[in-house]
Amino acid sequence: MLPDPFIADTFGRRFPYLRLSLTDKCNFRCSYCLPNGYKKDGQDSELDQTEIIRLVRAFSRLGVWKIRLTGGEPTIRPDFLDIVRKIASLDNIQKLAFTTNGYKLSERAQDYFDAGLRAINISIDSLKSEQFRTITGQDRFSEVLDGMNACLDAGFKTVKINTVLLKGLNDEELDDFIRFVEDKPVSLRFIELMRTRDNLDYFQNHHLSGALVSQRLLSLGWAAKPREVGAGPAVEFEHEKSTGKIGLIAPYSKDFCSTCNRLRVSAKGALHLCLFGEGGYSLRHLLQHDDQQQELQDQIISLMNFKKSAHFLHQGNSGATPHLASIGG
Ligand code: SAM
Ligand code: SF4
């Protein structure tokens with residue numbers, strides 16, 4: 001049985017799940033995220049391995065049992081595998097996952113699995129090479145697809161595909177994506193494009209409501225699965241004729257925030273209580289010595305009082321997050 005986390009907010013939500021960004025840097029240029037590529041911000045460096053382990057240990061002692069490594073592109077950190085091995089060996093961490101753009105995945109999948117990663121989310125925004133290149137700035141569609149297959153061969157039981165829905169760019173591929181999972185043991189999750197501080201024009205041109213996806217799925221005979229206890233905000237659909245599943249992450253839908261079960265820490269050690277908040281609370285000063293562990297845990301617990309009931313995206317307020325690569329999407 002999974003432990004009940006001690007971290008809760010004032011609305012009674014509990015947080016078993018931490019998304020930890022390992023770096024802001026990225027080697028792709030997704031048009032909705034870093035259209036001009038990664039630009040150095042000149043501020044603090046990324047957390048080092050010792051700081052990361054102190055941080056994750058504190059969260060795990062507070063009952064967090066699932067960690068997702070993200071970024072930027074987490075796998076471009078030269079010490080990525082060392083970090084994975086160290087986190088995997090900590091007590092209480094039951095699920096170690098990561099999100100990747102799939103760079104060099106086919107040659108690295110086995111190393112990732114052997115280091116202790118057990119769940120992978122791979123971003124694939126088009127099933128057409130040319131369109132994939134247009135959206136990501138990288139001509140790597142077949143490499144990423146090979147990477148997905150290599151993950152299944154390597155032993156990953158949880159392979160998810162993240163697909164951001166984009167009006168005029170990949171919306172015509174909706175049925176292709178649905179067919180894509182028919183014979184594969186993967187879950188493809190459509191993510192509604194989120195507005196961030198830097199992508200207002202793009203958002204206005206390309207945002208597509210997740211409701212269109214659920215309507216299409218229902219019309220094709222897919223059924224929404226009942227939400228499991230402790231599940232996050234994705235709604236999962238299944239079809240008797242499809243091996244793969246489809247998920248929908250629709251942050252603009254009603255009640256999206258009521259099932260929030262995750263916290264985020266940026267690559268520089270700031271706790272973000274919401275993806276769309278006004279900024280983070282730095283924990284870095286409490287990551288400098290092993291004897292600060294209790295103080296760090298107390299600080300995390302007390303910061304939970306500031307977590308709000310919901311984001312304010314509907315009022316057009318996307319918070320201070322410039323793009324999702326900055327705090328780990
Ligand atoms: N670089 C890795 C990747 O792309 O998978 C991990 C970081 S990326 C920020 C995590 C996820 O956020 C990706 O699936 C990406 O497509 C998604 N994402 C980034 N910006 C987004 C936005 N504005 N709206 C919705 N999803 C977004
Ligand atoms: Fe990089 Fe991921 Fe952002 Fe694409 S979505 S630019 S791969 S961080």
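As the structure lists them, so they are numbered: ligands from 1, and atoms in each ligand from 1. Quick caveat: nothing in here was measured; it's all calculated off a predicted structure. Position 1 is the first residue of the sequence, and the numbers go up from there.
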If we number the atoms of ligand 1 from 1 as shown, the ones under 4.0 Å from a heavy atom of Asn199 are 23 (N)
Here the pair of heavy atoms bringing Ser123 nearest to Val144 is O-CG1, 4.2 Å
Worksheet item: Are side-chain heavy atoms of Ile53 and Ile87 found at a separation under 4.5 Å?
Response: yes
Please list, one pair per line, the donor and acceptor atoms closer than 3.5 Å that link side chains of residues 203-214 to other protein atoms, with sequence neighbours excluded.
| from | atom 1 | to | atom 2 | distance (Å) |
| --- | --- | --- | --- | --- |
| Asn205 | ND2 | Asp201 | O | 3.3 |
| His206 | ND1 | Lys167 | O | 2.7 |
| His207 | NE2 | Glu192 | OE2 | 2.8 |
| Ser209 | OG | Ala211 | N | 3.0 |
| Ser214 | OG | Ala211 | O | 3.2 |

So the atoms of ligand 1 within less than 4.0 Å of a heavy atom of Glu192 turn out to be 25 (C)
With Glu46 as partner, the option from Lys40, Arg77, Lys268 fulfilling salt bridge (Lys or Arg N to Asp or Glu O under 4.0 Å) is Arg77
One should read off an interatomic distance between Asn27 CG and Ile76 CD1, to the nearest 0.5 angstrom, of 5.0 Å
d(Leu62 CG, Met304 CE) to nearest 0.5 Å is 10.0 Å
One checks atom 1 (Fe) of ligand 2 and counts protein N, O or S atoms under 2.8 Å, reaching 1
- prompt: Do the rings of Phe98 and Phe156 sit parallel, tilted or perpendicular, given the 30° and 60° boundaries?
  reply: tilted
Residues passing the side-chain contact (heavy atoms from CB on, under 4.5 Å) test with Thr158, sequence neighbours excluded, are Lys95, Ala119, Lys160
Verdict with reasoning, Tyr17 to Ile67, per side chain to side chain contact (heavy atoms under 4.5 Å, CB included): CA-CA 6 Å; Tyr17 180 13; Ile67 308 281; over 6 Å; no
- Message: Taking distance alone, with N or O pairs closer than 3.5 Å, would you say Met194 contacts ligand 1?
- Response: yes
Residue pairs passing the side-chain hydrogen bond (donor to acceptor under 3.5 Å, both in side chains) test with at least one member in residues 144-156, sequence neighbours excluded, are none
Restricting to heavy atoms, the pick from Gly71, Ser21, Cys33 nearest atom 8 (S) of ligand 1 would be Gly71
Could you establish whether Arg195 and ligand 1 come within less than 4.0 Å of each other, counting only heavy atoms on the residue side? no
Under 4.0 Å between heavy atoms, the region of Ile122 that gets near ligand 1 turns out to be neither
In ligand 1, the atoms that come under 4.0 Å of a heavy atom of Glu73 are 1 (N), 2 (C)
Here the atoms of ligand 1 under 4.0 Å from any heavy atom belonging to Asn101 are 2 (C), 3 (C), 5 (O)
* To do: Using only heavy-atom distances, determine whether the side chains of Thr136 and Gln138 contain a donor-acceptor pair under 3.5 Å.
  => no
Evaluate Thr99 for polar contact with ligand 1, using N/O atom pairs at a separation under 3.5 Å.
no
Counting from 1 in the order shown, the ligand 1 atoms closer than 4.0 Å to a non-hydrogen atom of Gly72 are 1 (N), 2 (C), 6 (C), 7 (C)
Are Tyr112 and Phe80, when compared by the centres of their aromatic rings, separated by less than 6.0 Å?
yes
For Tyr32, the atoms of ligand 1 under 4.0 Å from one of its heavy atoms are 15 (C), 16 (O), 18 (N), 19 (C), 20 (N), 21 (C), 23 (N), 27 (C)
Quick one: does Asn121 get an N or O within less than 3.5 Å of an N or O on ligand 1?
-> no
Note: ligand 1 atoms sitting under 4.0 Å from heavy atoms of Asn162 are 14 (O)
Here the gap from Leu296 atom CG to Leu283 atom CG, rounded to the nearest 0.5 Å, amounts to 6.0 Å
Any heavy atom of Thr70 under 4.0 Å from ligand 1? The part involved is side chain
